J.: 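Below is a structure I'd like to ask you about.
As the structure is a prediction and not an experimental result, all values here were calculated from the model.
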Amino acid sequence: MGLGKNLLSEILGLVFLLGLFIYTVLGKTHHYDFVFKAAPYTRLCKTKNIMTINGQFPGPTIYAHKGDTVIVHLHNHATENLTLHWHGVKQPRNPWSDGPEFITQCPVRPGGFFRYNIILSSEEGTLWWHAHSDWTRATVHGVIVIYPANGTRYPFPNPYKEVPIVIGEWWKSDVMEVLEEALQTGGEPNVSDAFTINGQPGDLYNCSKPGTFRMLVMKGKTYLLRLVNSAMSSEHFFSVANHNLTVVGMDGSYIKPITTNYVMITPGQTMDILIQANQPPSLYYMAATPYSSGNVSFDNTITTAILRYSGNYSQPSSPTFPTLPNFNDTRAATNFTKRLRSLADDDHPIFVPLTIDKHLILTVSVNTLSCPGNSCQGPNGSRLSASLNNISFQNPTIDILQAYYKGINGVFDRDFPDAPPLIFNFTADHFPLSLLTPKLATKVKVLEYNSTVELVYQGTNLVEGENHPLHLHGYSFYVVGTGFGNFDKDKDPLAYNLVDPPKLETVGIPRNGWVAIRFKASNPGVWFMHCHLERHLSWGMDTTFIVRNGRTPGARMLSPPPDMPSCY
């Protein structure tokens, strides 16, 4: 009998060790139920129904460890279509759950269900999720927190507490009506009425003071801010009055710590920021103000939250306000971004491609299309459009991934150009009208598995030059160079940083400037690339990469899940 108990104990011990091994090596699986539904919210003195997940704005936070798997069960209880994207998650070999509508799936229709299988790999830090169909992401988004893998730790002292800070954007009108009106008229969408921090506009807006987000801190403690810019149309400067910010991570990768009194964050980007509660106990504003380098209309308002020290003290009549750069301060934006460097230590190595198989140059442009009788509201009666290499991307009626996997012809063309069709002074102040009109097409770029790629984004001043945050699905990339003016293929690469370039998945292309990125095409599948200013995506500033399968089973796309939403 005793021997039996000992044997049982040994078996249980082995089972425990096996489970621990599986968890450590393969990670854990987490399950979340997401219900897409309308919910009433009151902001700026007005109540309206907005689209939400589980009735929350912002939506639920997903928690996991590096290497884990997250299963999201999406139930569409609304009257609109929906897809969800896990922004910054590489989804190795699994484009089926990446989410962009008509790129990797058709939408989950009202009453429908889809199970997203989110495979975490090398990501660590803060990422986010959002809707990827029309402009639904204005209110359908949330944070993804990825802790270090089991048995490892942060490359900095553990913070006392972690706090998500989500910059968002709010329209008094129905956001889908804003989009529909802009597409009908051909002009710029109406600008938003407010920006938000964690769903609240803050003290400086009407009817907003009671709901202002407040972060309680204890003097002497260090906090980790998980900052996300989910805004639809603006990059932002962000600051906390009288407090330094130490940026330690960005886009799910660690960087060499940067201590600063402000950051500049584009839509789509995330940051991990340490802040020490080391000031006299009081109230301090954290604030976000738009950065706009172009000549386009924008919401020039400031959203605020309050950092409040605990304890007994005489509170001021108003919190201390931070000093923020001016809305058009390109020097301040550039001074911040040029400090970004990968941590690149023994525990967090980087692998920058040093030899390149495929060189691509992509012009990033806002364009115009003619309207009958010059009846639209774009420049000179035209319709606004946008393009990469003068191709304005047109969504197909079935998703590109399905068409590629099943060999369905006629859905897309494989001849997206490696370079712009015409070389000219991209950053000039005046252009012939013939340069303003793009070609409408559904073209993709095919890459060989494991090929090394250098992609130079060249900003242009066509129609309206401004910063463009470009996001690549399925990959992180190394930002090896950036500058102003026209890229010089002979001179500019001489100044590349190939030692510790930042590893990002969304990068801002400066107005009248360029950015060079490198990556290895080691993730087979169909992967979207687009501007994260939502109006530009709606106008066609996007394209798709198809990365071919490799030769071994581990280098091939996974098979599709059985519950993929129907396109018909």
J.: Out of V507, N497, I509, V515, which residue meets the side-chain contact (heavy atoms from CB on, under 4.5 Å) rule with T482?
T.: V515
J.: Enter the distance from L455:CG to L360:CG here, rounded to the nearest 0.5 Å.
T.: 5.0 Å
J.: Between CE of M541 and CD1 of I391, what distance do you get to the nearest 0.5 Å?
T.: 13.5 Å
J.: Is there a donor in the side chain of N425 and an acceptor in the side chain of N486, or the other way round, less than 3.5 Å apart?
T.: yes
J.: Would one find more than 12 heavy atoms of other residues, nucleotides or ligands at under 6.0 Å from atom CG of D490?
T.: yes
J.: Measure from the side-chain N and O atoms of S253 to the backbone N and O of G249, and report whether any donor-acceptor pair falls under 3.5 Å.
T.: no
J.: Under the salt bridge (charged side-chain N to carboxylate O under 4.0 Å, His left out) criterion, do K445 and D418 qualify, and how do the steps go?
T.: CA-CA 8 Å; K445 171 54 62 180; D418 291 354; 2.4 Å; yes
J.: So S230 and W128, do their side chains get closer than 4.5 Å, heavy atoms only?
T.: yes
J.: Looking at every heavy atom in both P353 and R518, which two are closest together, and how far apart are they?
T.: O-NH1, 2.8 Å
J.: Measure centre to centre between the rings of F393 and W539, then say whether the value is under 6.0 Å.
T.: no
J.: Centres of the W86 and Y116 rings: under 6.0 Å?
T.: yes
J.: Quick check: F195 with H236 (ring centres under 6.0 Å apart)?
T.: yes
J.: With heavy-atom distances below 4.5 Å as the criterion, would you say the side chains of D542 and M529 are in contact?
T.: no
J.: Taking side chain as C-beta onward, heavy atoms only, is E235 less than 4.5 Å from P267?
T.: yes
J.: In terms of side-chain heavy atoms, does T126 have a donor or acceptor partner in R226 at a distance below 3.5 Å?
T.: yes
J.: Does the side chain of S293 pick up a donor-acceptor pair with the side chain of T330 at under 3.5 Å?
T.: no
J.: Would W514 and F426 satisfy ring-ring contact (aromatic ring centres under 6.0 Å, His included), going step by step from the backbone distance to the final call?
T.: CA-CA 10 Å; W514 57 271; F426 301 114; over 10 Å; no
J.: Please tell me whether Q91 and Y475 have a donor and an acceptor in their side chains that are separated by less than 3.5 angstrom.
T.: no
J.: Does the ring center of F34 lie less than 6.0 Å from the ring center of W129?
T.: yes
J.: Which atoms form the tightest heavy-atom contact between V108 and L74, and what is the distance?
T.: CG2-CD2, 4.0 Å
J.: Which label fits Y254 and H348: parallel for a plane angle under 30°, tilted from 30 to 60°, or perpendicular past 60°?
T.: perpendicular
J.: Looking only at the side chains, is there a donor atom on one of T196 and E169 sitting less than 3.5 Å from an acceptor on the other?
T.: no
J.: Please check if any side-chain donor atom of T83 sits under 3.5 Å from a side-chain acceptor atom of E101, or the reverse.
T.: no
J.: Would you please indicate if the ring centroids of F298 and F327 are separated by under 6.0 Å?
T.: yes
J.: What do you reckon, is CZ of R548 surrounded by more than 12 foreign heavy atoms closer than 6.0 Å?
T.: no
J.: Hey, could you give me the CD1/OG1 distance between I400 and T104, rounded to the nearest 0.5 Å?
T.: 9.5 Å
J.: Quick one: CD on E181 to CG on D174, what's the gap to the nearest 0.5 Å?
T.: 11.5 Å
J.: Would the distance check show the side chain of W171 and the main-chain N or O of N190 forming a donor-acceptor pair, the cut-off being under 3.5 Å?
T.: yes
J.: For a quick test of reading the model, state the closest non-hydrogen atom pair linking I350 to V499 and the distance between them.
T.: CD1-O, 3.4 Å
J.: Ring centroids only, cut at 6.0 angstrom: are H87 and H132 within range, meaning strictly under it?
T.: no
J.: Is it true that the side chains of S122 and K90 contain a donor and an acceptor less than 3.5 Å apart?
T.: yes
J.: So does R93 get a backbone contact from the side chain of N523, meaning a donor-acceptor N/O pair under 3.5 Å?
T.: yes
J.: Yes or no on salt bridge (charged side-chain N to carboxylate O under 4.0 Å, His left out) for E534 and R137, after CA distance, side-chain angles and deciding distance?
T.: CA-CA 9 Å; E534 212 66 13; R137 81 167 178 87; 2.8 Å; yes
J.: Could you go through the ring-ring contact (aromatic ring centres under 6.0 Å, His included) check for H536 and H530 one step at a time?
T.: CA-CA 8 Å; H536 293 169; H530 61 94; over 10 Å; no
J.: Identify the two heavy atoms, one from D251 and one from K503, that lie closest to each other, and give their separation to 0.1 Å.
T.: CB-O, 4.5 Å
J.: Might you work through the salt bridge (charged side-chain N to carboxylate O under 4.0 Å, His left out) test for E466 and R511, ending with a clear yes or no?
T.: CA-CA 4 Å; E466 62 180 311; R511 181 189 181 190; over 6 Å; no
J.: Side chains of N380 and S382: any donor to acceptor distance under 3.5 Å?
T.: no
J.: So, D500 and S342: side-chain donor and acceptor under 3.5 Å apart, yes or no?
T.: no
J.: Before we go on, tell me: are the rings of H532 and H130 under 6.0 Å apart, centre to centre?
T.: yes
J.: Looking at CG of L537 and NE2 of H471, how far apart are the two atoms once the value is rounded to the nearest 0.5 Å?
T.: 10.5 Å
J.: Does N450 reach the main-chain N or O of G550 with its side chain, forming a donor-acceptor pair under 3.5 Å?
T.: no
J.: Answer yes if the side chains of T139 and W170 hold a donor-acceptor pair under 3.5 Å, and no otherwise.
T.: no
J.: Taking atom types as modelled, is there a side-chain donor on S392 or S387 under 3.5 Å from an acceptor on the other?
T.: no
J.: What distance do F102 atom CZ and D399 atom CG have between them, rounded to the nearest 0.5 Å?
T.: 8.5 Å
